[in-house]
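Working notes, beginning with the structure itself.
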Amino acid sequence: MATLDDVRASCENCQKCALGATRTNLVFGVGNGEARLMFVGEAPGEQEDLTGVPFVGKAGQLLDKFLFAVDIPREDVYIANILKCRPPKNRDPLPEEEDACIGYLREQVKAIRPKIIVCLGRISAMRLIKPDFKITAEHGKWFQKGEYLMTAVYHPAALLRDPRKKEDMMEDMKEIKRKLDEGSDRT
Ligand code: URA
């Protein structure tokens with residue numbers, strides 16, 4: 001069984017798709033390698049490409065606020081993306097880029113074995129939960145996929161564009177915290 005360090009080493013110099021040629025840094029993932037809660041976004045943006053760390057830009061700062069609001073310490077969670085490299089001008093990932101990259105995420109998930117996986121936004125939910133996932137209708141719904149409990153919430157960048165969605169996000173995050181604490185002696 002590959003450890004998280006093994007998986008990181010395996011993708012460090014990845015050139016499986018064209019994004020390998022344009023990245024500044026590969027953005028592997030950040031957080032607790034034994035997290036019970038894992039978030040999966042779409043792809044690195046500019047700040048993430050520059051730093052090599054996921055969700056450090058404006059969207060990430062908003063995610064931090066929601067985590068704080070529901071009393072989930074950021075250092076308890078693990079955060080990664082479907083793609084490990086930034087698409088030019090933050091365009092949506094291409095299917096062939098997702099196909100090339102998704103194996104790394106699967107290995108990451110297997111190494112961490114979280115209880116709950118939360119997709120951040122439509123692109124992640126369509127890839128990890130079901131291809132026809134509708135984020136407006138289905139955010140906050142729960143899906144048992146193998147050993148993982150999965151849900152999706154609005155992407156924080158969508159909340160920046162439309163702050164009216166923040167109320168729904170808050171409700172979804174409260175429920176995530178509740179499920180995380182369910183049947184657990186860890187806080
Ligand atoms: N948006 C994402 O989906 N992922 C990041 O890491 C940053 C912004």
Side-chain angles (χ1 to χ4, degrees), residues 4 7-8 11-12 14 16-20 22-33 35 37-68 72-109 112 114 116-131 133-136 138-140 150-163 165-166 168-169 172-173 176:
L4 210 46
V7 188
R8 185 189 286 272
C11 64
E12 223 153 25
C14 183
K16 282 194 202 170
C17 81
L19 300 182
T22 54
R23 69 169 173 249
T24 312
N25 287 293
L26 184 140
V27 181
F28 179 68
V30 71
N32 188 331
L37 174 60
M38 178 168 179
F39 289 90
V40 180
E42 178 179 324
E46 184 181 23
Q47 291 308 310
E48 292 76 23
D49 176 67
L50 291 173
T51 56
V53 182
F55 283 99
V56 289
K58 283 213 169 76
Q61 289 161 23
L62 185 55
L63 177 62
D64 287 350
K65 282 191 191 163
F66 279 99
L67 287 171
F68 185 79
I72 299 175
R74 207 197 207 240
E75 46 297 354
D76 282 5
V77 308
Y78 193 89
I79 307 179
N81 283 303
I82 299 285
L83 293 193
K84 306 261 177 280
C85 298
R86 182 193 182 198
K89 299 188 186 150
N90 299 346
R91 63 154 169 71
D92 284 355
L94 301 175
E96 60 266 31
E97 292 163 353
E98 289 190 12
D99 290 346
C101 213
I102 198 75
Y104 296 133
L105 181 67
R106 293 201 191 288
E107 291 299 314
Q108 265 172 308
V109 169
I112 297 165
I116 295 173
I117 300 175
V118 178
C119 300
L120 292 167
R122 176 182 65 93
I123 301 266
S124 171
M126 286 172 67
R127 186 72 207 205
L128 299 185
I129 299 179
K130 52 180 182 156
F133 195 93
K134 299 277 182 293
I135 193 75
T136 307
E138 295 179 290
H139 68 85
M150 301 192 63
T151 188
V153 298
Y154 285 118
H155 193 291
L159 305 176
L160 291 170
R161 287 191 297 272
D162 181 3
K165 294 190 166 92
K166 285 185 182 176
D168 280 351
M169 178 68 164
D172 292 347
M173 290 294 294
I176 289 165

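Numbers here are sequence positions counted from 1. Order of appearance sets the numbers: ligands from 1, and atoms from 1 within every ligand.
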Note to self: Could you check whether K165 pairs with D172 (Lys NZ or Arg NE/NH1/NH2 to Asp/Glu carboxylate O, under 4.0 Å)?
What the structure shows: no
Item checked: Heavy-atom side-chain contact between P114 and V109 under 4.5 Å -> yes
Margin query: Using a 3.5 Å cut-off on N or O atoms only, is P54 in polar contact with ligand 1?
Written below: no
Checklist line | Whether Q61 side chain and V56 backbone form a donor-acceptor pair below 3.5 Å | finding: yes
Checklist line | Proximity to ligand 1 by part of E42, non-hydrogen separation under 4.0 Å | finding: both
Next item on the list: Please state which part of A43 comes within less than 4.0 Å of ligand 1, counting heavy atoms only: side chain, backbone, both or neither.
Entry: backbone
Item checked: Structural part of A59 in contact with ligand 1, heavy atom criterion under 4.0 angstrom -> neither
Check: Is the backbone of D49 close enough, under 3.5 Å, to the side chain of N25 for a donor and an acceptor to pair up by distance?
Finding: yes
Next item on the list: Report the nearest protein non-hydrogen atom to atom 6 (O) of ligand 1: residue, atom name, distance rounded to 0.1 Å.
Entry: N81 ND2, 2.9 Å
Next item on the list: For ligand 1, indicate whether the residue H155 contacts it via side chain, backbone, both or neither (heavy-atom separation under 4.0 Å).
Entry: side chain
Next item on the list: Please check if the side chain of Q108 supplies one atom and the backbone of F28 the other of a donor-acceptor pair under 3.5 Å.
Entry: yes
